[in-house]
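Since the structure comes first, as structure tokens, the remarks are kept for the end.
What's counted below: heavy atoms across the whole structure, side chains too, no hydrogens, waters or symmetry copies.
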Amino acid sequence: MNSLSPRAAVGLFLIVVLAWGVNWSVTKQLVQFLSPLWTSAIRSWIALAALFVILGLSNNLVIPERRDIPVVLSVALLHMTVFSVLVAAGVRFLPAGKAVVLGYTTPLWVAIAAPLIGKDTLTAPKVAGALLGLIGLAVILNPTSIDWTNGNVMLGAGMVILAAISWAANIIYIRAHRWLASPLQLLIWQVLVATVVLSITAAIVDGIPHVNWSRRLVLLFLYSGLIGTALAYWAMSMVNKSISALTTSLGTTATPLVGIASAAVLLGEPIDLSLAVAAGLIVAGIGLATLGDRLLRSQAIVRG
């Protein structure tokens, strides 16, 4: 299957947004049982097994060319390892709803950093979007929203923001990479590298885990590994073939909103005014920055 009908693509994209949004609440529960490293490692093993089956059945298992190895390592280490572990560590101390808003500031860091390193050009919408997003960040980090006297809470917020910056660095590199194999074909190798690194690091840092397995814990891991990771990654690769980059970029801004709602339903977290305002500002900022990026690319195409 190389492409999807518009209706199927939109339906699959909605599943991705829901899967990623709910996964923050699931991760919040998982780290109550295991360390962030082992949580990420076990989830990655489950995703690896599922993707091996999915990509094998769709004839997308290939050996990566040498020129694609850097992008495999970039995604595996910066996104699937560093981002995953920092988020899992951060949500131990932060409400999942606030963590998902901080985690999805990634496009703002891309909009700020890319022009500074000569990988992009600033436009008025990008500047406005970045400013809106930073104001939203200030709102969610204000002392009435987050307890500044609690070192663990501040550490958790810092970890999630650092995770977003790590993901942003990965996105900037991906934009500059010239792909030989498709992102879908390289996905299994990215997850494999991340799984090996996570497992070895977890064994060294935390030792062999002693887990009291229960039906609830198994279901949480199955959701996070199969739906929140494997299905979401595969579905997003398929959606990117059928929906414009602008639509997917804007659509993913709904993920933190789903994350906030799921945290309220599944974990009973309150939705306070500062969280709602911050989420609105950050989503609007990401939207403006994305539109600015699209405008810049369109102008470049027109100029040839």
* Pairs satisfying side chain to side chain donor-acceptor pair (under 3.5 Å), at least one member in residues 253-269, at least two apart -> Ser25-Ser262
* With the side chain counted from C-beta on, respond yes when Tyr233 and Gln190 share a heavy-atom pair under 4.5 Å apart, and no when they do not. => no
* Polar side-chain atom of Ser40 near backbone of Pro36 as donor-acceptor pair, under 3.5 Å -> yes
* All pairs passing ring-ring contact (aromatic ring centres under 6.0 Å, His included) where residues 202-223 contributes a residue, at least two apart -> Trp213-Phe221
* Write down the atom of Tyr173, the atom of Pro70, and the distance for their closest heavy-atom approach. => OH-CB, 3.0 Å
* Hey, could you give me each pair passing salt bridge (charged side-chain N to carboxylate O under 4.0 Å, His left out) that has a residue in residues 153-172? Not counting sequence neighbours. => none
* Least distance between heavy atoms, Leu184 atom then Met238 atom -> CD2-SD, 3.9 Å
* **Distance in Å, Ile54 CD1 paired with Ile188 CD1, rounded so as to fall on 0.5 Å steps** => 9.0 Å
* **Gln185: side chain to side chain contact (heavy atoms under 4.5 Å, CB included) partners, not counting sequence neighbours** => Asn60, Val62, Ala181, Ser182
* To do: Provide the full list of side chain to side chain donor-acceptor pair (under 3.5 Å) pairs with a residue in residues 154-172, sequence neighbours left out, each pair given once.
  => Ser74-Asn170
* **Distance-minimising heavy-atom pair for Leu187 and Leu51** => CD2-CD2, 3.9 Å
* Which pairs count as ring-ring contact (aromatic ring centres under 6.0 Å, His included) when at least one residue sits in residues 26-76, sequence neighbours excluded? -> none
* Asked: Val127 versus Leu288: any side-chain heavy-atom pair under 4.5 Å?
  -> no
* Taking Ser224 for its side chain and Leu220 for its backbone only, find out whether a donor-acceptor pair lies under 3.5 Å. => no
* To do: Would you indicate whether the side-chain heavy atoms of Val71 and Arg178 approach each other to under 4.5 Å?
  => no
* From Val72, Val191, Ile69, residue fulfilling side chain to side chain contact (heavy atoms under 4.5 Å, CB included) relative to Leu186 -> Val72
* **Set of salt bridge (Lys or Arg N to Asp or Glu O under 4.0 Å) partners for Asp272, sequence neighbours left out** => Lys98
* **Beyond-backbone contact of Thr229 with Ile46, side-chain heavy atoms, under 4.5 angstrom** => no
* To do: Applying side-chain hydrogen bond (donor to acceptor under 3.5 Å, both in side chains), name anything that partners Asn152, two or more places apart in sequence or on another chain.
  => none
* Which residue pairs pass the salt bridge (charged side-chain N to carboxylate O under 4.0 Å, His left out) test with at least one member in residues 157-167, sequence neighbours excluded? -> none
* Group every Ile, Leu, Val, Met, Phe, Trp and Tyr by side-chain heavy-atom contacts under 4.5 Å, then state whether Val258 and Val160 land in the same group. => yes
* Asked: Which atoms form the tightest heavy-atom contact between Trp148 and Leu141, and what is the distance?
  -> NE1-O, 2.6 Å
* Structure fact -> dist Met159:CE -> Arg92:CZ (nearest 0.5 Å) comes out at 6.0 Å
* Does the side chain of Gln29 come under 3.5 Å of the side chain of Arg216 through a donor N or O and an acceptor N or O? -> yes
* With Leu219 via side chain to side chain contact (heavy atoms under 4.5 Å, CB included) - residues at least two apart -> Arg215
* Can you list the residues that meet the side chain to side chain contact (heavy atoms under 4.5 Å, CB included) rule with Ala278, with sequence neighbours excluded? -> Val139, Ile140
* Asked: Do you know which two heavy atoms are closest between Thr106 and Gly103, and how far apart they sit?
  -> OG1-O, 3.2 Å
* Asked: Can you name the side chain to side chain contact (heavy atoms under 4.5 Å, CB included) partners of Val153, sequence neighbours left out?
  -> Leu94, Ile146, Asn150
* To do: Check whether any side-chain heavy atom of Val283 sits under 4.5 Å from a side-chain heavy atom of Pro256, and report yes or no.
  => yes
